[in-house]
Each structure stands twice: as C-alpha cells, then as structure tokens.
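Below: the structure, in structure tokens.
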Amino acid sequence: MSVLDELYREIILKHYQNPKNFGVLPQATKTAGGMNPSCGDQVEVMVRLEGDTIADIRFQGQGCAISTASASMMTELVKGKKVAEALELSKKFQAMVVEGAPPDPALGDLLALQGVAKLPARVKCATLAWHALEEALR
C-alpha cells in the first residue's frame, strides 16, 4: 500500500469513526434523504440556508464507512458555501467517483474517495449524501 493510499484510508476511517456534523439540525430550512437499497445505507441531509448560503448542515442515518465518511466530508466542504458553489462541488465529486474524472483539488479531503471509481458497487455509497444534498437544494 502506498503512503498516499494509507493517508486516504486514515482520512476515511477518521470521518467514519467520528463523523463531522452528524445529528439533527432543528432549524433546518431544507431536508432530503436517500437510501441505497443494495446495501441498506440511508441518510438524511438537513440544511439551514441564509439567503443563498449554506449557513449550517448536518446529516443523520446509518451506512458503511464510505457512505458515512463521504457525508461527513461533504458537510465540512459545503458549509458556508453558496448554493451554486455546493452544487458545482457535487458535480466535481460525482464526476470523480462515477466517471473516474481527474480529481479536483477543490474537493479537499474528499480526494480520499477517488478510488471508489474503481469499485462500482461502492459508487452509490459515496454519492448517497450528495444526491440528498442536491435534492435539498432544489
């Protein structure tokens, strides 16, 4: 295993074992959820918008390490961003894990999930929270 692979593995485990922004957001202005029927992962994303800015975001649910880590890193990345920026980051993330597109440095820790593109069964795990975010922001 390369040093980079080991670093990525550590990032994923850190977010899985201690997810950021996990829990209920009582003052949410938008919510959306999703489920991956093939493995049972489920997530609900709650967003509090102030104008067109994501002032706060949380998620809850249960899932595998990839699903939970992706949701945790996503909430960290989009908090404080404009809705349009968050949707653009979603496109970049999904292009990376679904299509195998070159990773964009704007994705930060989410680059740790770029290897998911080689694991088709795990793509839905990685993108579950992102689909919920997009639905909430529509």
Side-chain angles (χ1 to χ4, degrees):
M1 183 179 290
S2 75
V3 173
L4 191 57
D5 288 338
E6 184 62 30
L7 173 65
Y8 284 166
R9 184 175 171 192
E10 287 178 25
I11 290 170
I12 292 167
L13 286 174
K14 177 183 83 170
H15 280 276
Y16 173 61
Q17 293 169 342
N18 187 23
K20 308 294 183 197
N21 304 301
F22 184 83
V24 176
L25 182 61
Q27 65 274 36
T29 54
K30 304 272 187 173
T31 63
M35 181 175 184
N36 182 351
S38 64
C39 67
D41 289 354
Q42 53 187 9
V43 69
E44 179 183 19
V45 173
M46 297 151 276
V47 179
R48 182 172 55 83
L49 294 175
E50 289 180 2
D52 68 342
T53 300
I54 299 171
D56 202 359
I57 182 169
R58 293 194 174 267
F59 77 99
Q60 64 179 358
Q62 60 185 30
C64 66
I66 290 174
S67 176
T68 302
S70 180
S72 174
M73 289 185 269
M74 176 198 74
T75 61
E76 287 286 282
L77 184 64
V78 303
K79 189 185 289 187
K81 300 268 193 294
K82 302 282 186 198
V83 168
E85 290 175 279
L87 293 172
E88 185 60 30
L89 289 166
S90 181
K91 285 181 190 174
K92 290 177 180 183
F93 177 74
Q94 292 186 57
M96 179 182 75
V97 299
V98 175
E99 302 160 18
D104 188 313
L107 294 173
D109 280 355
L110 284 153
L111 296 177
L113 293 172
Q114 64 184 298
V116 169
K118 298 173 190 160
L119 305 166
R122 304 313 297 259
V123 169
K124 287 183 181 179
C125 302
T127 59
L128 184 62
W130 290 91
H131 290 303
L133 174 67
E134 288 178 350
E135 186 180 325
L137 296 178
R138 282 192 199 116

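Here the structure is a predicted model, which is why all the values come from computation and not from measurement.
Between M35 and L128, the shortest heavy-atom contact is N-CD1, 3.6 Å.
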- Task: Would you check, one step at a time, whether the test side-chain contact (heavy atoms from CB on, under 4.5 Å) holds for N21 with E76?
- Result: CA-CA 7 Å; N21 304 301; E76 287 286 282; 2.8 Å; yes

- Task: Might you work through the side-chain contact (heavy atoms from CB on, under 4.5 Å) test for H15 and T68, ending with a clear yes or no?
- Result: CA-CA 7 Å; H15 280 276; T68 302; over 6 Å; no

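The line from OG of S67 to CZ of R122 is 9.0 Å long, rounded to the nearest 0.5 Å. In this structure, the separation between CG on L89 and CG on D104 is 8.0 Å, given to the nearest 0.5 Å.
Taking the side chain as every heavy atom from C-beta outward, V47 and V78 never approach each other to under 4.5 Å. With a 4.5 Å cut-off on side-chain heavy atoms, L77 and L107 count as touching. Side-chain atoms of D41 and I66, non-hydrogen and from C-beta on, never get closer than 4.5 Å to each other. Contact check for V45 versus M74: side-chain heavy atoms found under the 4.5 Å cut-off.
Follow the hydrophobic side-chain contacts under 4.5 Å out from V98 and you reach L111 in the same cluster. Criterion: ILVMFWY side-chain heavy atoms under 4.5 Å apart, direct or through other members. Under it, L49 and L25 are not part of a common hydrophobic cluster.
Using a 30° and 60° split on the angle between ring planes, F22 and F59 fall in the perpendicular class, above 60°.
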